[in-house]
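Here is how names work: the chains are called A, B, and so on, in the same order as the sequence lines, proteins then strands, and each is numbered from 1. Remember, predicted model here, so these are calculated numbers, not experimental data.
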Amino acid sequence: MIGQVIINGLLNGFVYALVAVGLTLTWGVMDIINFAHGEFLLWGMYGAFWIWALVGLDPLISLPIVVVLIFGLGVLTYLIVIRRVLNAQGLTALLATFGLSMVLKNLTQFFWTANYKNVTTPLVGSKSIKIAGLFIRQDYLVAAVGALLLTFAVMVFIDKTKTGVAIKATSMNKAAAQLMGIDTGKIFAITFGLSGACVGAAASLMASFTPIYPEACALYSTLAFVIVALGGFGNIKGALYAGVLIGIVESVGGYLIGTSFKYLVVFLIYLVVIQIRPRGLFGW
Amino acid sequence: MVEILKKYRPALVLLLLFILIPITIGRTTDVHNVIIYILIYAMVGEAWNLISGFTGQTSFGHAAYFGIGAYTSTVLLEYYHITPWIGMLVGGVIAAALAFVVYFNMFKLKGHYFAIATLCVAEIMKTIFSKWTWVGAGDGIALTPITGLIPGVGKSAVAKLAWLSLDVRNRLPFLYTTLAMFVLVFIICAALENSRIGFYWKAIRESHEVAESIGINPRNYKLLAMCISAFIAAIGGTFFAQFFKYIDAITVFPMSVSMIFVLVTVLGGLGNVYGPIIGAVIYYSLDLIMRRLTGGSGSGLDQIVFGALIVLVTCTEPRGIMGIVERIQEKLHGKKKGGEA
């Protein structure tokens, strides 16, 4: 039984991780708390839903389209809003992203009402397969594996490509990166786009089994904040491990002391870990 | 005395407006409600400003204290028939005690790590209170009208009791009571800002290391700021409960409530004692106007326009509304004041 609980948490955790990786990119590189991150996820889900409803493409197949769309949304957000508040004092940037989240969330309500939307004929159904005595839902499995692969893809991109290294350099020292000839403005735009691409992908992976409505992503964004901090800001590997950890903690905690208290355990874990590791599990 | 009055002239003008508007141009229930909300949220905004604006420790979890204030006074009133005037003080002490215990060892966290910790504390409170049957669990607590609470009292006695219990039968007295409490909070915060403690707080905000090197213990002063802040936020919570007449964990503890305090203060001007009230006035007046223009919030159109306005303000004037005010002042005074800004 506990094995079943852990595997469920693990599958959830990979999806949490992908959402958190997106958040940790902007947070670590630009020191911007993007309160509209959850709304990017929401727009990704609506995007996947409407492509399915209008054209008939399953969310899993339309994933690249949604990724490109939300990448664009991220870049646009940077160019229109973030660029202007990047060097402002205090919490101004936070306020800007908060306003943005209000706009994005309520636009979905304005266009498509607050009613639940569901992808009713998903490509991969909710049937379970049995592996080593454990029941694993196929759609969860596909989402988890997809999320894990994409997280690795982001890691490879950051580590191996020239743009990725430039992102890393900018996050370490903006002024030095500029002196080395890096166009930091462009890097910031790409980072924001990449952050959007991560949640766009996560949205596509989840769209087949998650009810889609304006408040759907509130929990994901709160959890993403905790995961990002737990893993250490700007640390992609940290976000992956912390995401998986939170997924398992949530699942096991829910099993041991009751489902209604599962988030209590998640938030407690953060408070405890942060006492021992004040800069997150993998912070330096 | 005259000096102080001169220095806080804008505050006196504001106070006059708050006294006059409810009985002159804004004599509708709608406007009274908005003014009461403005005062309550500005009160907690002032509290938030102490720790986050003056001391520089961003909190995303002030809903924890707000909720504790709301729950404590309500439980004391409903279960033990103790007036909210005492209840709010008890709530304040409990909130401050919680802040003391939880954050005793937490101020070693820097920046966002601390902010997320405060968020976690509020979320934990939300979960506990939404499952705790003694305080109504998921159903919350609806406040009984004062006449129903103590049966067999005469009408004149009820009138007196209403004051004592902060019962909102008539909105206007409640509005002025809230205003008086806000003025008190404002005076306390302004006094703190100009006290030795206030200077220490700002020193810590500007540079932790420098503050330490001149003999300030940053941890102790941050803790002090947090506890005072928690106390005031809890009092705001009591007023909210008395006004709203119904509380549950989802109404008083969620992150969206914590964000209101952040929002009104940053919108008005972070680290400025006028910030919360200016921000709250603008936030809720705009909210009211939007709702009237778009006819209800069902479509979400009011929130869209509103969010866009916030983005616009932040993009054009990063210092918030107080920044715009300062800019106008500079223009009016010409070059006389230009050097100071």
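Options B:His112, B:Met259, B:Met255, B:Lys126 differ in how many heavy-atom pairs under 4.5 Å they form with chain A, and the most are formed by B:His112. No other option in A:Lys105, A:Arg84, A:Gln275 has as many heavy-atom pairs under 4.5 Å with chain B as A:Gln275. Highest contact tally toward chain A, considering only B:Leu312, B:Ile310, B:Leu119, is held by B:Ile310 [criterion: heavy-atom pairs under 4.5 Å]. With respect to chain A, the highest number of heavy-atom pairs below 4.5 Å among B:Thr127, B:Val262, B:Val305, B:Leu309 belongs to B:Thr127. Each of A:Val265, A:Thr97, A:Leu107 has some count of heavy-atom pairs under 4.5 Å with chain B, and the biggest count is that of A:Leu107.
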Q. How far apart are the C-alpha atoms of A:Phe192 and A:Phe71, what are their side-chain angles, what is the distance that settles it, and do they pass the ring-ring contact (aromatic ring centres under 6.0 Å, His included) test?
A. CA-CA 8 Å; A:Phe192 236 85; A:Phe71 181 92; over 10 Å; no
Q: Give the intermediate values and the outcome of side-chain contact (heavy atoms from CB on, under 4.5 Å) for residues A:Leu281 and A:Val273.
A: CA-CA 7 Å; A:Leu281 279 175; A:Val273 168; 3.7 Å; yes
Q) For A:Tyr16 and A:Glu250, what are the C-alpha separation, side-chain angles and deciding distance, and is it a side chain to side chain donor-acceptor pair (under 3.5 Å)? A) CA-CA 11 Å; A:Tyr16 289 163; A:Glu250 175 196 323; 2.7 Å; yes
Q: Please assess B:Phe60 against A:Phe225 for the test ring-ring contact (aromatic ring centres under 6.0 Å, His included), listing each intermediate value before the final yes or no.
A: CA-CA 11 Å; B:Phe60 289 156; A:Phe225 285 133; 7.4 Å; no
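Neither the backbone nor the side chain of B:Ser130 comes within contact range of chain A, judged by heavy atoms closer than 4.5 Å. For B:Ile304, the parts sitting under 4.5 Å from any heavy atom of chain A are the backbone and the side chain alike. Of the atoms belonging to A:Val85, it is side-chain heavy atoms, and not backbone ones, that fall under 4.5 Å from chain B. Within the 4.5 angstrom heavy-atom criterion, atoms from both the backbone and the side chain of B:Leu267 approach chain A. Both the backbone and the side chain of A:Phe261 come within less than 4.5 Å of a heavy atom of chain B.
For B:Arg219 and B:Tyr103, the positive end is not near the middle of the six-membered ring at less than 6.0 Å and at most 45° from its axis. A cation-pi contact, defined as under 6.0 Å to the ring centre and within 45° of the axis, links B:Lys202 to B:Phe54.
Checking B:Phe129, B:Phe66, B:Tyr65 one by one against B:Phe253, the ring pair (Phe, Tyr, Trp, His ring centres under 6.0 Å) holds for a single residue, B:Phe129.
By the 4.5 Å heavy-atom criterion applied to side chains, B:Met106 and B:Met226 are not counted as neighbours.
The residues B:Arg327 and B:Glu330 are annotated as not salt-bridged, no charged nitrogen and carboxylate oxygen being separated by less than 4.0 angstrom.
Among residues 32-43 of chain A, the residues having any heavy atom closer than 4.5 Å to a heavy atom of chain B are, in sequence order, A:Ile33, A:Phe35.
Expressed to the nearest 0.5 Å, how far OG1 of B:Thr118 lies from CG of A:Leu271 amounts to 9.5 Å.
Nearest heavy atoms, A:Val228 versus A:Thr24: CG1-OG1, 3.5 Å.
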